[in-house]
Structure formats: C-alpha cells, structure tokens
Q: 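Quick one: the structure is below, and I'll ask about it shortly.
Heavy-atom basis, side chains included; hydrogens, waters and symmetry copies ignored. For ligands, and for the atoms within them, numbers begin at 1 and follow the listed sequence.
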Amino acid sequence: MDVVPAAIDDALRRTIANGGRVCVLTGAGMSAESGLPTFRGTHDSLWSRFDPMRLATAEAWREDPALVWGWYRWRMRLVRDAQPNAGHRALAALAQRVPLSLVTQNVDDLHERAGSIVDAHVHGSLFALRCFACGRAHDGPLDDYVDGVQRIEPMRCAACGDRIRPGVVWFGEALPEAAWASAVSAAGRCALMLVVGTSGLVYPAAGLPALARRHGATVVEINPEPTALSAEADHVWRTTAAQALPLLVR
Ligand code: APR
C-alpha cells in the first residue's frame with residue numbers, strides 16, 4: 001500500500017483546513033520497526049517470552065528486585081541501541097504542520113529522539129528512575145550496560161537508601177496523574193485521532209479513542225493487524241507505522 005487511503009487523506013486535509021487538532025496515540029508497534037519487541041502478537045514479543053506478573057508489578061519488585069531491575073536494564077539497553085524509525089520522524093514532521101498532541105503508551109524515548117514533544121507518557125518512561133520508597137527522582141549515573149537479561153542489584157536512593165526503580169507504570173499501579181490528565185484533554189479536544197501500533201487491550205489508555213469519538217473526532221487506526229479498537233475506528237489502515245506515517249505527512 002503506497003498511497004494514503006482517500007478517506008484518511010480527506011480526514012487529515014479537513015482537519016488542517018478547519019484548524020483542528022490531531023491527537024496521536026501510539027503503542028509498542030510504533031517502535032517495532034526500530035527493532036524493539038512489542039508486548040503481544042508475535043513469537044518474540046515480550047509477554048510471550050517473559051511473565052509480566054514476575055517482572056512488571058510492584059509485588060514482583062518486592063519479591064526479587066534484582067531480577068526486575070536486570071530485566072529493565074536489558075530493555076534500557078535495547079532502547080539505547082535502537083534508533084527512531086521513519087514513523088517516529090514523520091510524526092515529528094507532522095507536528096510542524098498541524099497542531100498535534102502526542103500521547104504514548106511507550107516507555108522508550110524514540111519519539112523524543114526523533115524530535116517530537118511527547119505530551120503524555122501515560123505508562124511512564126524507562127529512564128525516569130525514582131526511589132521505590134520515597135519517590136525521589138534519581139538522575140545520577142546508571143550502572144553500566146549489561147548484555148542479556150541478568151539479575152542486577154538496583155542502585156540505592158541517596159535520600160533514604162531504598163532501591164531505585166524504573167519510572168514505568170506496573171500492572172496494578174495508577175497512571176501518572178499529570179500525564180493522564182494531558183492525554184484525556186488531548187483526546188477530548190482533537191478533530192482527528194491517529195491510533196498507531198497498539199493492541200488496545202490495556203485500560204484506561206485503550207479508552208482514549210472512544211473518548212475522542214464521543215467528542216466528535218474521526219478515529220483512524222494504523223496497524224497491520226486487527227485489534228480490540230478496530231471496530232471503534234472510523235477508518236483502518238492495515239499497514240505499519242514506518243510505511244503509513246511518512247506517506248501521510250507527504
Ligand atoms: N506498525 C504498527 N503497528 C504494529 C507494528 C508496526 N510495525 N508491528 C506490530 N504492530 C501492532 C501489533 O499488531 C499490535 O496490535 O502493534 C500492537 C502492539 O500491541 P502490544 O504489544 O500489546 O503493545 P501495546 O498496545 O502498546 O501494549 C499496551 O501493555 O504491557 C502493557 O504497559 C504495556 O504499554 C503497554 C501496554
């Protein structure tokens with residue numbers, strides 16, 4: 001598919017002509033063409049290889065912080081070794097042409113490294129380290145990178161001595177209030193929402209497209225596979241982020 005479907009092209013043109021806002025909601029599929037594993041859907045996805053309940057919960061951390069920290073250091077290493085793809089770059093370019101709010105479920109920094117301003121990291125950020133107990137931000141040096149997944153004893157908080165955790169939202173934890181408020185505002189104000197690379201399975205983030213539609217937005221899904229959100233989309237474009245977004249911007 002090397003052209004933008006007419007209905008999607010029309011929706012974007014209409015939004016620009018009317019001075020409307022675009023809200024983009026991205027998920028792990030946005031970073032797939034940068035070589036980062038998604039959580040679901042393929043044989044090498046993270047949750048097909050690792051148990052989220054043993055790695056992405058506060059209980060897992062309490063039980064074995066070195067296992068959890070080692071896994072996240074491995075994911076940080078993957079992100080550091082990855083580059084933003086053409087889809088990330090296209091979104092940064094689109095923001096120069098139309099008022100755009102970027103809401104991401106991703107904890108990587110590839111949108112920022114492509115030049116985007118991210119309005120909301122609704123599931124936090126890998127590199128936003130903080131103390132598990134007192135919450136103090138840790139912007140000190142990181143222990144050196146490791147190869148593969150191994151147990152690494154977490155660094156300690158300079159203020160209270162408890163362990164430093166990754167700044168991601170674990171299952172069962174509340175979303176960062178400011179990020180969530182920003183995401184809801186962006187979804188409620190936009191005329192067009194592009195939903196890119198998310199399976200739409202994890203709430204409340206997966207509820208943002210329905211919220212946008214309730215406020216009159218046109219919702220477009222860009223995803224090579226059908227998802228739980230496909231039925232809510234006004235238009236679906238069965239292709240990948242790095243193929244679709246540069247065409248859309250062009
Ligand atoms: N371009 C666009 N979409 C893609 C691509 C691609 N190149 N490759 C895969 N996809 C799609 C898949 O079809 C799937 O629908 O990306 C989606 C990835 O879904 P998930 O792996 O479930 O990722 P995501 O939706 O972001 O997960 C939501 O779950 O585990 C939690 O906190 C984690 O933020 C994450 C949340």
Side-chain angles (χ1 to χ4, degrees), residues 1 4-5 8 24-58 60-61 68 71-72 75-76 78-79 82-91 102-111 114 118 120-126 128 165-176 179-180 183 193-210 219-233 235-248:
M1 171 77 77
V4 181
I8 296 172
V24 184
L25 171 65
T26 63
M30 184 75 228
S31 300
E33 285 153 297
S34 295
L36 293 182
T38 57
F39 291 97
R40 303 168 183 86
T42 58
H43 68 282
D44 65 348
S45 64
L46 290 172
W47 299 151
S48 65
R49 296 160 60 197
F50 301 97
D51 176 358
M53 293 306 123
R54 289 193 61 229
L55 293 165
T57 62
W61 175 268
V68 176
W71 187 69
Y72 276 96
R75 288 189 57 203
M76 289 175 184
L78 293 182
V79 172
Q83 295 303 322
N85 61 55
H88 292 106
R89 291 193 297 274
L91 286 182
L102 180 51
V103 175
T104 188
Q105 301 170 88
N106 297 341
V107 293
D108 64 51
D109 59 353
L110 296 183
H111 279 305
V118 172
H121 269 282
V122 293
H123 292 162
S125 299
L126 268 178
R165 60 166 285 178
V168 303
V169 178
W170 283 329
F171 289 103
E173 293 190 317
L175 273 57
W180 181 243
M193 175 177 271
L194 305 178
V195 183
V196 187
T198 182
S199 59
L201 293 172
V202 177
Y203 282 80
L208 290 168
V219 174
V220 173
E221 176 178 69
I222 296 175
N223 193 320
E225 306 289 332
T227 74
L229 298 175
S230 300
E232 290 171 37
H235 311 292
V236 298
W237 190 357
R238 288 281 167 258
T239 183
T240 71
Q243 289 172 14
L245 295 169
L247 288 173
L248 203 58

Q: When you look for heavy atoms under 4.0 Å from ligand 1, do you find them on the side chain of Arg40, its backbone, both, or neither?
A: both

Q: Please lay out, stage by stage, how Ser230 and Arg238 fare under the test side-chain contact (heavy atoms from CB on, under 4.5 Å).
A: CA-CA 10 Å; Ser230 300; Arg238 288 281 167 258; 3.0 Å; yes

Q: Does at least one non-hydrogen atom of Gly41 fall below 4.0 angstrom from an atom of ligand 1?
A: no

Q: For ligand 1, indicate whether the residue Ala32 contacts it via side chain, backbone, both or neither (heavy-atom separation under 4.0 Å).
A: side chain

Q: Evaluate the criterion side-chain contact (heavy atoms from CB on, under 4.5 Å) for residue pair Val24 and Leu245; output intermediate values, then yes/no.
A: CA-CA 11 Å; Val24 184; Leu245 295 169; 5.9 Å; no

Q: Return the closest protein heavy atom for atom 7 (N) of ligand 1 as residue, atom name and distance.
A: Glu33 OE1, 2.9 Å

Q: As a quick check of understanding, evaluate side-chain contact (heavy atoms from CB on, under 4.5 Å) for Thr26 and Leu102, giving each step before the final call.
A: CA-CA 8 Å; Thr26 63; Leu102 180 51; 4.1 Å; yes

Q: So, applying side-chain contact (heavy atoms from CB on, under 4.5 Å) with His111, which one of His121, Met30, Arg89 is it?
A: Met30

Q: Out of curiosity, is Thr227 lining ligand 1, as in a heavy atom under 4.0 Å away?
A: yes

Q: Examine the side chains of Thr38 and Ser45 and answer whether a donor and an acceptor come within less than 3.5 Å of each other.
A: no

Q: Just to confirm my output: which protein heavy-atom neighbour is closest to atom 5 (C) of ligand 1, and how far is it?
A: Gly29 O, 3.5 Å

Q: Among all protein non-hydrogen atoms, which one is nearest to atom 18 (C) of ligand 1, and what is the separation to 0.1 Å?
A: Gly197 O, 3.7 Å

Q: Do any nitrogen or oxygen atoms of Ser199 lie less than 3.5 angstrom from nitrogen or oxygen atoms of ligand 1?
A: yes

Q: What is the nearest protein non-hydrogen atom to atom 25 (O) of ligand 1, stated with its residue, atom name and distance?
A: Thr198 OG1, 2.7 Å

Q: Taking all non-hydrogen atoms of both residues, which atom of Ala206 and which atom of Gly200 are closest, and how far apart?
A: CB-O, 3.4 Å

Q: Do Asp109 and Ser125 touch side chain to side chain, with heavy atoms closer than 4.5 Å?
A: no

Q: Check each atom of ligand 1 against the heavy atoms of Glu225 and keep those under 4.0 Å away; list them by number with element.
A: 13 (O)

Q: For ligand 1, note which part of Val202 has a heavy atom under 4.0 Å away: side chain, backbone, both or neither.
A: side chain

Q: Could you tell me, atom by atom, which parts of ligand 1 come under 4.0 Å of a heavy atom of Trp47?
A: 30 (O)

Q: Report, in ascending order of atom number, the atoms of ligand 1 lying under 4.0 Å from any heavy atom of Ala28.
A: 23 (O), 24 (P), 26 (O)

Q: Within a strict 4.5 Å, meaning less than it, do heavy atoms of the Leu229 and Val219 side chains meet?
A: no

Q: What atoms of ligand 1 come closer than 4.0 angstrom to any heavy atom of Gly27?
A: 26 (O)

Q: Please write down residue, atom name and distance for the protein heavy atom closest to atom 32 (O) of ligand 1.
A: His123 ND1, 3.4 Å

Q: Nearest protein heavy-atom contact for atom 28 (C) of ligand 1: which residue, which atom, what distance?
A: Gln105 OE1, 3.5 Å

Q: Taking it one step at a time, do Val118 and Asn106 satisfy side-chain contact (heavy atoms from CB on, under 4.5 Å)?
A: CA-CA 11 Å; Val118 172; Asn106 297 341; over 6 Å; no

Q: Any donor-acceptor pair under 3.5 Å linking the side chain of Thr57 with the backbone of Trp170?
A: no

Q: Under 3.5 Å, N or O to N or O, is Ala241 touching ligand 1 that way?
A: yes

Q: For Val103 and Ala183, which heavy atoms make the closest approach, and how far apart are they?
A: CG1-CB, 3.7 Å

Q: If you measure from CD1 on Ile222 to CH2 on Trp237, what distance do you get to the nearest 0.5 Å?
A: 6.0 Å

Q: Could you find the nearest protein heavy atom to atom 35 (C) of ligand 1 and give me its residue, atom name and distance?
A: Phe39 CE1, 3.5 Å

Q: Can you tell me which residue and heavy atom of the protein come closest to atom 13 (O) of ligand 1, and the distance to 0.1 Å?
A: Asn223 OD1, 2.8 Å

